[in-house]
Amino acid sequence: MNVIHNTKVIVGDYQFADSLNKEVLHQLKYATNMGHTNVKASMFTGFNWLPDNRKFLNFKSFIHAEIKKHYDLYCEVTTFDFWANVYKKGDYAVSHEHVPVHLSFVYFVKAKWYDSPLIFTDSGKKIRPKEGRYVIFPGYLLHSVPMHRYNHDRITLSGNFIASLK
């Protein structure tokens, strides 16, 4: 059963972006590369990255509140996964979905406006990167990131939320 019955994509800016971004960049210095997934990036932290980090918990709580505000859900929503990706020149993400997860998000930690966008495959909608911007979307939406063409890093946080009956 899919509890998300629309293709609503929420885009906004996180008001504590400077603090969160500094923490992510600091923690990435100590992160271990857990390999590759659909994201063919130089660094993937794994799906349960630093679950007790206070700034990350605050951010996930903020995303949770945005989900409750923008989606008509009659169930509980909880964080399922949380990870970071570091795209170097030549890295990309193939078109993929996050099913069976109900909602997903991407957050831009380090990016220039001209870096590769987040693309929703079926609609062709492109979300330009901007540091501090978050994008929340149903997990069944196919999405991708074209090849990163620049020498600077493009860094994102991503995560998934699952919905369950109360």
Side-chain angles (χ1 to χ4, degrees), residues 3-4 8-35 37-39 41-73 75-88 91 93 96-113 115-120 125-141 143-145 148 152-164:
V3 298
I4 308 299
K8 186 186 290 188
V9 174
I10 307 303
V11 179
D13 295 319
Y14 184 52
Q15 76 179 83
F16 302 111
D18 289 342
S19 177
L20 176 62
N21 294 355
K22 285 177 189 171
E23 180 68 8
V24 170
L25 295 174
H26 172 75
Q27 294 297 338
L28 279 171
K29 294 176 187 175
Y30 309 103
T32 301
N33 189 359
M34 301 302 289
T37 60
N38 292 310
V39 177
S42 297
M43 167 67 86
F44 163 67
T45 61
F47 289 113
N48 191 25
W49 189 43
L50 300 174
D52 299 321
N53 183 292
R54 177 58 42 206
K55 291 191 181 183
F56 295 175
L57 287 169
N58 289 342
F59 175 68
K60 289 186 272 187
S61 292
F62 170 81
I63 295 295
H64 183 264
E66 289 296 290
I67 288 170
K68 289 176 81 174
K69 181 168 46 171
H70 294 286
Y71 291 95
D72 295 326
L73 299 177
C75 52
E76 287 294 317
V77 179
T78 55
T79 307
F80 185 68
D81 298 311
F82 182 76
W83 67 94
N85 296 300
V86 178
Y87 292 80
K88 297 201 177 288
D91 292 347
H96 64 284
E97 62 186 22
H98 291 207
V99 170
V101 171
H102 299 107
L103 290 158
S104 301
F105 72 85
V106 172
Y107 170 80
F108 297 99
V109 175
K110 186 175 176 192
K112 307 283 188 204
W113 67 268
D115 286 347
S116 297
L118 172 65
I119 298 176
F120 290 98
K125 181 175 182 155
K126 297 178 183 180
I127 308 292
R128 283 268 157 226
K130 175 185 170 193
E131 291 180 8
R133 174 174 286 163
Y134 62 88
V135 183
I136 304 169
F137 54 95
Y140 63 81
L141 290 182
H143 56 286
S144 64
V145 176
H148 184 58
H152 61 266
D153 293 344
R154 176 190 184 276
I155 301 173
T156 60
L157 293 175
S158 295
N160 293 317
F161 286 80
I162 55 171
S164 56

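Heavy-atom basis, side chains included; hydrogens, waters and symmetry copies ignored.
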Check: Can you name the residues that form a ring-ring contact (aromatic ring centres under 6.0 Å, His included) with F47, not counting sequence neighbours?
Finding: F44, W83

Item checked: Partner residues of E66 under the salt bridge (Lys or Arg N to Asp or Glu O under 4.0 Å) criterion, sequence neighbours left out -> K69

Checklist line | Residue list, side chain to side chain donor-acceptor pair (under 3.5 Å) with H148, at least two apart or on another chain | finding: none

Item checked: Atom pair CD1 (I67) and NE2 (H102), whose distance is rounded to the nearest 0.5 Å -> 11.5 Å

Next item on the list: State whether the number of non-hydrogen atoms from other residues, nucleotides or ligands found under 6.0 Å of Y14 atom OH is greater than 12.
Entry: yes

Checklist line | Shortest non-hydrogen contact from R128 toward P117 | finding: NH1-CD, 3.9 Å

Check: Shortest non-hydrogen contact from N85 to A41?
Finding: CB-CB, 4.4 Å

Margin query: Quick one, V145 and V39 - any side-chain contact, counting heavy atoms below 4.5 Å?
Written below: no

Item checked: Beyond-backbone contact of I136 with Y71, side-chain heavy atoms, under 4.5 angstrom -> yes

Next item on the list: Go through the structure and list residues passing salt bridge (Lys or Arg N to Asp or Glu O under 4.0 Å) with K68, not counting sequence neighbours.
Entry: none

Next item on the list: Please examine the side chains of I127 and Y134, heavy atoms only from C-beta on, and report whether any two atoms are closer than 4.5 Å.
Entry: no

Check: By salt bridge (Lys or Arg N to Asp or Glu O under 4.0 Å), which residues pair with D13, not counting sequence neighbours?
Finding: K130

Next item on the list: Could you grab the distance from atom OG of S144 to atom CG of N38, nearest 0.5 Å is fine?
Entry: 10.5 Å

Item checked: With sequence neighbours excluded, residues passing side chain to side chain donor-acceptor pair (under 3.5 Å) with K126 -> none

Next item on the list: Decide yes or no for D153 and K88: does some side-chain heavy atom of the first lie under 4.5 Å from some side-chain heavy atom of the second?
Entry: yes

Checklist line | Minimum-distance pair of heavy atoms, taken over all atoms of A17 and G132 | finding: CB-CA, 3.6 Å

Margin query: In the structure I gave you, are the side-chain heavy atoms of L20 and Y107 within less than 4.5 Å of one another anywhere?
Written below: yes

Next item on the list: Please collect all salt bridge (charged side-chain N to carboxylate O under 4.0 Å, His left out) contacts where either partner lies in residues 44-57, sequence neighbours excluded, each pair once.
Entry: none

Next item on the list: Mind checking side chain to side chain donor-acceptor pair (under 3.5 Å) for S61 and listing every partner two or more places apart, or none if nothing turns up?
Entry: none

Checklist line | Expected output: side-chain E97 to main-chain L141 donor-acceptor under 3.5 Å | finding: no

Notebook entry, point to check: When rounded to the nearest 0.5 angstrom, what distance separates CG in L28 from CG in L157?
Noted result: 8.0 Å

Item checked: N21 side chain to V109 backbone, donor-acceptor under 3.5 Å -> yes

Note to self: Going by the rule ring-ring contact (aromatic ring centres under 6.0 Å, His included), which residues pair with H96 if we only count those two or more places apart in sequence or in a different chain?
What the structure shows: H98, H143

Margin query: Is any side-chain heavy atom of D115 closer than 4.5 Å to one of F108?
Written below: no

Check: If every non-hydrogen atom of S116 is compared with every non-hydrogen atom of P129, which pair is closest and at what distance?
Finding: O-CG, 3.4 Å

Margin query: Less than 4.5 Å apart, side chain to side chain, heavy atoms only: is that true for F82 and T45?
Written below: no

Checklist line | Sequence-distant partners of Y87, ring-ring contact (aromatic ring centres under 6.0 Å, His included), two or more places apart | finding: none

Checklist line | Straight-line distance of N160 CG to T78 OG1, nearest 0.5 Å | finding: 11.0 Å

Next item on the list: Keeping the roles fixed (side chain from R154, backbone from D91), state whether a donor-acceptor pair exists under 3.5 Å.
Entry: no

Margin query: Parallel, tilted or perpendicular: which one describes the rings of H64 and F161, with boundaries at 30° and 60°?
Written below: tilted

Item checked: With Q27 via side chain to side chain donor-acceptor pair (under 3.5 Å) - residues at least two apart -> E23

Checklist line | salt bridge (Lys or Arg N to Asp or Glu O under 4.0 Å) involving K22 - partner list, sequence neighbours excluded | finding: none

Item checked: Separation between OG1 of T156 and CZ of R133, rounded to the nearest 0.5 Å -> 14.0 Å

Notebook entry, point to check: Within a strict 4.5 Å, meaning less than it, do heavy atoms of the D81 and W49 side chains meet?
Noted result: no

